[in-house]
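In what follows, chains carry the letters A, B, and so on, assigned in the order in which the sequence lines appear, proteins first and then strands, with residues in each chain numbered from 1.
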Protein chains: 2
Amino acid sequence: MASRRIRPDRRDPALRLAAFLPYRLNVVAAVVSEGLARRYASQFGIGIPEWRVLATIGEFGRITAGAIGQHARMHKVKVSRAAAGLESRGLVAREANAKDRREAFLALTPAGDALYGRIAPLALAYAAELAAVLPPEDAAALDRILDALLARAGRMDPAPPVPTESGARPRPGTRPASG
Amino acid sequence: MASRRIRPDRRDPALRLAAFLPYRLNVVAAVVSEGLARRYASQFGIGIPEWRVLATIGEFGRITAGAIGQHARMHKVKVSRAAAGLESRGLVAREANAKDRREAFLALTPAGDALYGRIAPLALAYAAELAAVLPPEDAAALDRILDALLARAGRMDPAPPVPTESGARPRPGTRPASG
DNA sequence: AATCGATCGTTACAAACGAAACTATGCCGT
DNA sequence: ACGGCATAGTTTCGTTTGTAACGATCGATT
């Protein structure tokens with residue numbers, strides 16, 4: 001092993017952030033989301049969680065809060081709050097489920113349906129405008145790639161595949177670093 | 001497939017969330033980030049913003065907070081807090097800039113450098129493991145695609161390209177829907 | 001049918017976040 | 001040199017988010 005300099009100007013960086021896939025995915029996702037939100041948030045006063053809930057109800061019709069969470073990959077608390085917000089504005093209505101009174105179906109009111117009918121085309125246009133920079137084969141590749149990455153990341157072990165040496169297991173009682 | 005009546009009175013959905021690019025990008029980015037964070041957060045007690053700052057200092061050596069924000073695309077408040085956290089743990093040190101005493105250079109301490117030296121390989125291994133599901137041409141395509149999408153989203157107008165009819169401009173004074 | 005544990009959704013509380021205000025310093029024109 | 005404005009970074013404050021606890025209901029077991 002070579003001798004270490006005490007105060008080097010700079011070594012070769014071990015990692016270039018600009019080329020690091022998780023970082024890049026986050027940046028692109030953030031910029032895209034932000035751009036989309038600018039299109040509807042300012043016009044309709046609706047936030048991203050509320051948009052997702054609205055879109056999910058618009059897609060599936062009558063659906064429970066739990067199912068919304070599954071389809072839109074949102075935490076149930078977020079769904080609950082977004083749904084409450086939409087309900088308070090008369091965009092969403094609850095229908096009690098007599099078969100299971102713990103849950104309730106959510107559905108769009110006429111006003112909610114009208115809003116959905118206005119935002120959805122905007123959103124689709126945004127996505128189309130975005131995808132228009134990609135040659136068709138790249139657009140198709142992106143679909144495949146995102147599927148593959150999602151499946152892979154979901155199956156990934158919480159520890160590196162190469163055993164680090166001893167069986168020193170990471171302590172489970174540490175905070176999960178949200179953000 | 002025959003027409004199953006799951007939902008009673010709903011037209012064809014205007015938008016399928018699962019196929020909607022902004023949504024998909026967000027989901028993939030979130031799952032990937034979460035998976036990566038699980039690898040270092042639990043072991044080293046470091047969060048995502050702190051990791052980004054650490055990685056940026058590790059990459060560039062001595063760097064100001066503002067430059068970190070530019071390179072890592074972080075808001076200056078976030079950089080400030082993450083840097084304060086790293087400093088309080090002795091991972092980062094400040095060096096005053098005599099030429100401009102408003103700013104200060106941040107650099108890794110030996111402890112910070114050691115931590116960087118341990119996390120960076122983990123992170124790179126994670127990214128490599130992730131990219132391993134992609135055939136080489138898809139991995140290359142992904143690089144191109146993310147660049148193109150990022151550039152496009154950054155240049156995108158806050159309003160749809162097709163004029164909606166009259167010159168009814170969206171009211172500028174509405175909240176920007178963070179999240 | 002009484003009880004126990006699981007599940008749905010809301011509420012409570014605390015951490016994280018961003019916009020704006022603020023401090024300190026630098027820059028520039030007069 | 002002085003006054004006004006710009007910039008770097010921190011702090012403050014209100015909002016958003018997530019974790020945990022909670023009430024209500026269901027299903028299974030006895």
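Interface remark: the Arg81(B) side chain does form a donor-acceptor pair with the dG18(C) base, using a distance-only criterion of under 3.5 Å. Side-chain atoms of Arg102(A) come within donor-acceptor range of the base of dT7(C), with a qualifying N/O pair under 3.5 Å.
Looking at the side chain of Lys78(A), the nearest of the listed nucleotides dG18(D), dT10(C), dC8(C) is dG18(D). Ranking dG9(D), dC26(D), dG18(D) by closeness to the Arg101(A) side chain, first place goes to dC26(D). The side chain of Ala65(B) approaches dG9(D) more closely than any other nucleotide in the set dG9(C), dG9(D), dA20(C).
With respect to the salt-bridge test (charged N to carboxylate O, under 4.0 angstrom), the residues Glu129(B) and Arg39(B) qualify. Classification of Arg89(A) and Glu50(A) as a salt-bridged pair holds, one side-chain N sitting under 4.0 Å from a carboxylate O. Under the 4.0 Å criterion applied to side-chain N and carboxylate O atoms, Glu95(B) and Arg62(B) are assigned as salt-bridge partners.
Taking the six-membered ring where tryptophan is involved, the planes of Tyr40(B) and Trp51(B) are tilted, since the angle between them lies from 30° to 60°.
Look at Ser80(A) and you won't find any side-chain N or O under 4.0 angstrom from OP1 or OP2 of dG9(C).
Across the interface with DNA chain C, nearest-nucleotide mapping of Lys99(B) and Asp100(A) shows Asp100(A) to be the residue nearer the 5′ end. Nearest-nucleotide assignment on DNA chain D puts the 5′-proximal partner with Val79(B), out of Val79(B) and His75(A).
Between the P atom of dC8(C) and the CG atom of Leu106(A) lies a distance of 14 Å, rounded to the nearest Å. Atom CD1 of Ile68(A) and atom C1' of dG9(C) are 12 Å apart (whole Å). Glu34(A) places its CD atom 16 Å from the P atom of dC17(C), with the value rounded to the nearest Å. Rounded to an integer number of Å, the gap from Ile48(B) CD1 to dT17(D) P is 16 Å. The interatomic distance linking Lys76(A) (NZ) with dG9(C) (C1') rounds to 7 Å, in whole Å. Distance, Gln70(A) CD to dG9(C) C1': 14 Å, rounded to whole Å. If you take CZ of Arg52(B) and C1' of dC17(C), they are 14 Å apart, rounded to a whole angstrom. The distance from atom CD of Glu95(A) to atom C1' of dC8(C) is 17 Å, rounded to the nearest whole Å.
For the side-chain contact (heavy atoms from CB on, under 4.5 Å) test with Val28(A), the passing option among Leu146(B), Val28(B), Asn26(B), Ile145(B) is Leu146(B); the others fail.
Residue contacts shown for Ala83(B) are absent, as no nucleic acid heavy atom lies under 4.0 Å away. At a threshold of 4.0 angstrom between heavy atoms, the contacts of Ala104(A) are confined to the sugar-phosphate backbone, with no base atom among them.
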